[in-house]
Undergrad: 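Can you keep this structure in mind? I'll have questions shortly.
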2 protein chains.
Amino acid sequence: MPRSGEAVRQRLQRAALELFTEHGFDQTPVEAIAARAGVTERTFYRHFADKREMLFDGETELRDLLVQAVAAVPHGMKPLPALRAAFHETVPLFERNRPLTEPGVRLIAETPALQERSLAKRALLVNALTDALRARGVNPRTAPLCAQVAMDTFAVATHRWMQEPSVPLHDQLDQAFRELRLAAAALK
Amino acid sequence: MPRSGEAVRQRLQRAALELFTEHGFDQTPVEAIAARAGVTERTFYRHFADKREMLFDGETELRDLLVQAVAAVPHGMKPLPALRAAFHETVPLFERNRPLTEPGVRLIAETPALQERSLAKRALLVNALTDALRARGVNPRTAPLCAQVAMDTFAVATHRWMQEPSVPLHDQLDQAFRELRLAAAALK
DNA sequence: GCTAAAAACGTCAGTCTCTGACGCCAAAGA
DNA sequence: TCTTTGGCGTCAGAGACTGACGTTTTTAGC
């Protein structure tokens with residue numbers, strides 16, 4: 001029974017995902033997760049802030065990658081094209097983790113408490129993108145709107161990609177942003 | 001001590017808002033709210049699904065009004081203009097309840113648990129708008145994107161309206177949608 | 001290889017949220 | 001006046017977290 005810290009964390013994640021998919025999120029006490037991982041309930045809360053948090057581990061990684069990608073976009077590019085380019089940079093990350101995240105998204109989709117947390121994580125991403133845009137010199141007033149709209153477009157693209165695996169995520173992204181442009185063009 | 005049901009509900013809401021603004025949301029047990037309202041903790045949960053839910057009572061009213069407004073928009077209008085028109089219909093509702101909702105939004109802004117619930121409520125609104133758009137014959141595939149983007153634009157407008165009360169909400173709305181059009185026009 | 005600091009874990013006690021079951025009492029209708 | 005219904009109180013309990021403290025393991029320095 002190793003005690004290296006990271007091993008415990010991974011055992012907790014595996015145990016939680018198994019129990020969640022078997023009995024559901026709400027019907028799985030933290031005590032059961034800890035027991036399957038060979039650890040105490042108290043240790044669970046030393047690795048994760050709360051029960052929901054363990055389902056959203058890759059979010060910080062995605063956020064850092066995204067912020068870095070926005071900063072790396074060529075100067076002079078308008079906000080939405082810049083964000084679209086940044087999202088394209090994250091495609092490999094999604095394609096690589098696809099089989100791993102699939103049971104997670106299904107769990108989130110059918111658990112209201114997890115949907116709330118998912119939306120909160122998305123809001124954190126939007127805030128980070130807003131700061132990244134402002135760092136590029138984008139109008140501080142319009143930066144939040146651009147970041148939010150781009151994030152929604154990205155979310156639509158990934159959602160479609162989950163349901164229709166045949167179309168590459170790159171194409172889903174371009175398609176979604178194209179629809180955004182067309183819809184907005186009808187405004188004036 | 002009346003026992004009419006609705007009176008208890010209102011006393012609970014008043015007591016909660018007072019205690020929340022005084023000690024904060026997390027530092028206010030449900031037991032204290034019920035005590036100030038002259039009832040038991042159990043009665044609180046007979047009126048509200050959970051502790052957060054009492055802060056979001058007007059959401060269903062807003063949703064119904066919004067769905068109805070989308071349905072009432074003239075035929076042939078494109079999704080985003082239709083949604084913009086529908087949002088304009090809700091302006092009186094916001095202007096009327098402004099002093100009442102002000103302490104609520106401040107509380108939500110500084111309480112992560114309430115932000116999560118707020119985002120969840122917004123997602124419900126987006127789903128309702130998506131259905132309303134589809135009922136108008138909008139492309140079922142693009143309806144979610146339009147509803148989401150319009151909701152974000154509306155949120156930006158109301159947010160600015162809260163901070164700069166001098167500019168009417170109608171103008172904030174038009175301004176935000178104008179920025180959306182300009183930002184999206186730079187995409188192709 | 002030995003020892004001391006630091007990190008990880010266990011144990012215990014406790015608060016708070018939320019739920020089910022049961023009984024009581026007031027109000028509305030026959 | 002009697003019955004029914006709905007709102008409420010009481011009780012018991014599960015589950016999510018947190019703080020405090022002691023113990024064990026790992027790491028670092030000699």
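So that the names make sense, note that chain A is the first sequence line, chain B the second, and so on, each numbered from 1.
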Undergrad: Is the shortest side-chain N/O distance from A:H47 to OP1 or OP2 of C:dA8 below 4.0 Å?
TA: no

Undergrad: Atom CG of A:L12 to atom C1' of C:dC9: distance rounded to whole Å?
TA: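 Checked: the CG to C1' distance equals 12 Å.
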
Undergrad: Can you name the nearest heavy-atom pair linking A:L62 to A:F94, along with the distance?
TA: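 Smallest interatomic distance, heavy atoms only, reads CD1-CE1, 3.8 Å.
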
Undergrad: Could you give the CZ-to-C1' distance, from B:F25 to C:dC16, as a whole number of Å?
TA: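 About 12 Å, once rounded to whole Å.
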
Undergrad: Are A:L107 and A:M54 linked, directly or through intermediate hydrophobic residues, by side-chain heavy-atom contacts shorter than 4.5 Å (ILVMFWY only)?
TA: yes

Undergrad: Check A:A186 against B:P81 and note the closest heavy-atom contact, atom names and distance.
TA: O-CG, 3.2 Å

Undergrad: Roughly how many Å is it from CD in B:E31 to P in C:dT19, rounded to a whole number?
TA: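 That distance rounds to 17 Å.
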
Undergrad: Have a look at A:T43 and say if it touches a base, only the backbone sugar-phosphate, or nothing, with a 4.0 Å heavy-atom cut-off.
TA: sugar-phosphate

Undergrad: Would you mind telling me which of D:dG9, D:dT18, C:dC16 lies closest to the side-chain atoms of B:P29?
TA: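 Per side-chain heavy atoms of B:P29, the pick is C:dC16.
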
Undergrad: Expressed as a whole number of angstroms, how long is the span from B:Q27:CD to C:dC16:P?
TA: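 Atom-to-atom, B:Q27 to C:dC16, this comes out as 10 Å.
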
Undergrad: Is it the case that C:dG10 (base atoms only) and A:R46 (side chain only) share a donor and an acceptor within less than 3.5 Å, ignoring hydrogens and angles?
TA: yes

Undergrad: Check the distance between C:dA8's C1' and A:R11's CZ and give it to me in whole angstrom.
TA: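 Going from A:R11 (CZ) to C:dA8 (C1'), I get 12 Å.
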
Undergrad: If you check the B:R42 side chain, which of D:dC8, C:dT17, C:dG20 turns out closest?
TA: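 Nearest to the side chain of B:R42 among the choices is C:dG20.
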
Undergrad: Distance check needed: D:dC17 P versus B:D26 CG, whole Å only.
TA: 12 Å

Undergrad: Closest to the A:V30 side chain: C:dC9, D:dA16, C:dT17?
TA: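 It is D:dA16.
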
Undergrad: Measure from the side-chain heavy atoms of B:E41 and tell me the nearest of D:dG9, C:dC18, D:dA16.
TA: C:dC18

Undergrad: May I have the distance from A:F44 (atom CZ) to D:dA16 (atom C1'), rounded to whole angstrom?
TA: 10 Å

Undergrad: Does any N or O in the side chain of A:R136 come within less than 3.5 Å of the main-chain N or O of A:V73, such that one atom is a donor and the other an acceptor?
TA: yes

Undergrad: If you define the side chain from C-beta out and look only at heavy atoms, does anything of B:L114 sit under 4.5 Å from B:F56?
TA: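 With C-beta onward as the side chain, the pair touches.
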
Undergrad: In whole angstrom, what separates A:I33's CD1 from D:dC17's P?
TA: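 Computing the A:I33:CD1 to D:dC17:P distance gives 10 Å.
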
